Amino acid sequence: MTLQSILQEFHTLKAEIIPVDLLDERYADLMIRMEQSYKIPDVITEEWEQKNRSVSTVYRLIASNRLMDT
């Protein structure tokens, strides 16, 4: 799972017209797969974020859109 493929899936989700509850599930699934693939810790520290800037940026993008869209 590359960051590019994650971003592609995210943009596809954003473009689809689907019920809010299903959209929330799909965002959650994408975030869980990122957590597993990139070993994102439960508590993201500043040190981890600095070492994994691109992963953190994409993860936060999905999380913030999940909050706004659902």
Side-chain angles (χ1 to χ4, degrees):
M1 170 176 264
T2 66
L3 287 179
Q4 187 62 35
S5 68
I6 293 166
L7 281 171
Q8 179 67 37
E9 188 172 342
F10 168 73
H11 289 298
T12 300
L13 284 174
K14 290 285 291 176
E16 290 181 9
I17 299 174
I18 57 177
V20 172
D21 57 335
L22 184 56
L23 181 60
D24 184 55
E25 286 179 26
R26 289 187 180 173
Y27 279 145
D29 179 63
L30 187 56
M31 292 174 72
I32 289 167
R33 287 186 284 133
M34 275 193 77
E35 291 164 0
Q36 294 169 344
S37 293
Y38 293 97
K39 301 192 180 0
I40 298 173
D42 291 335
V43 177
I44 297 175
T45 63
E46 188 174 328
E47 179 184 355
W48 185 89
E49 207 163 344
Q50 288 177 359
K51 290 180 180 177
N52 300 279
R53 180 71 60 199
S54 56
V55 172
S56 178
T57 299
V58 172
Y59 187 78
R60 288 183 183 279
L61 173 69
I62 296 166
S64 66
N65 275 272
R66 183 179 178 197
L67 289 173
M68 292 183 339
D69 294 346
T70 62

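Each residue takes its place number in the sequence, starting with 1. No experiment lies behind these values; they were computed from the predicted model shown.
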Check: In chain order, what residues pass the salt bridge (charged side-chain N to carboxylate O under 4.0 Å, His left out) check against Glu25, with sequence neighbours excluded?
Finding: none
Check: In the single-linkage hydrophobic clustering (I, L, V, M, F, W, Y; side-chain heavy atoms under 4.5 Å), do Leu3 and Leu61 co-cluster?
Finding: yes
Next item on the list: I would like to know whether Leu30 and Arg33 meet side-chain contact (heavy atoms from CB on, under 4.5 Å); could you show each step before the answer?
Entry: CA-CA 5 Å; Leu30 187 56; Arg33 287 186 284 133; 3.6 Å; yes
Next item on the list: With sequence neighbours excluded, tell me which residues meet side chain to side chain donor-acceptor pair (under 3.5 Å) with Tyr38.
Entry: none
Next item on the list: Could you please spell out the steps behind the side-chain hydrogen bond (donor to acceptor under 3.5 Å, both in side chains) verdict for Tyr27 and Asp69?
Entry: CA-CA 10 Å; Tyr27 279 145; Asp69 294 346; 2.9 Å; yes
Checklist line | OG1 on Thr57 to CD1 on Ile62, rounded to 0.5 Å | finding: 11.0 Å
Item checked: Any donor-acceptor pair under 3.5 Å from Ser37 side chain to Met34 backbone -> no
Item checked: Interatomic distance, Ile6 atom CD1 to Ser54 atom OG [nearest 0.5 angstrom] -> 9.5 Å
Margin query: Could you see if Ile18 belongs to whatever hydrophobic cluster contains Met31? Use Ile, Leu, Val, Met, Phe, Trp, Tyr and a side-chain cutoff under 4.5 Å.
Written below: yes
Margin query: Using 0.5 Å steps for rounding, measure from the CZ atom of Arg66 to the CZ atom of Phe10.
Written below: 12.5 Å
Note to self: Suppose we screen for salt bridge (charged side-chain N to carboxylate O under 4.0 Å, His left out). Which residues come up paired with Glu35, at least two apart in sequence or across chains?
What the structure shows: none
Note to self: For the backbone of Val20 and the side chain of Asp24, can you confirm whether one donor and one acceptor N or O come within less than 3.5 Å of each other?
What the structure shows: no
Check: Can you name the nearest heavy-atom pair linking Val55 to Ile40, along with the distance?
Finding: CG1-CD1, 3.9 Å
Notebook entry, point to check: Quick one: CG on Leu13 to CG on Asn65, what's the gap to the nearest 0.5 Å?
Noted result: 10.0 Å
Notebook entry, point to check: What residue pairs, at least two apart or across chains, pass salt bridge (Lys or Arg N to Asp or Glu O under 4.0 Å) with a residue in residues 37-46?
Noted result: none
Checklist line | Non-neighbouring partners of Thr12 that pass side-chain contact (heavy atoms from CB on, under 4.5 Å), sequence neighbours left out | finding: Gln8, Glu16
Next item on the list: Might you point out which heavy atoms bring Ile44 and Trp48 nearest each other, and give the distance in Å?
Entry: CG2-CE3, 3.6 Å
Notebook entry, point to check: Under the salt bridge (charged side-chain N to carboxylate O under 4.0 Å, His left out) test, which residues partner Arg60, sequence neighbours left out?
Noted result: Glu49
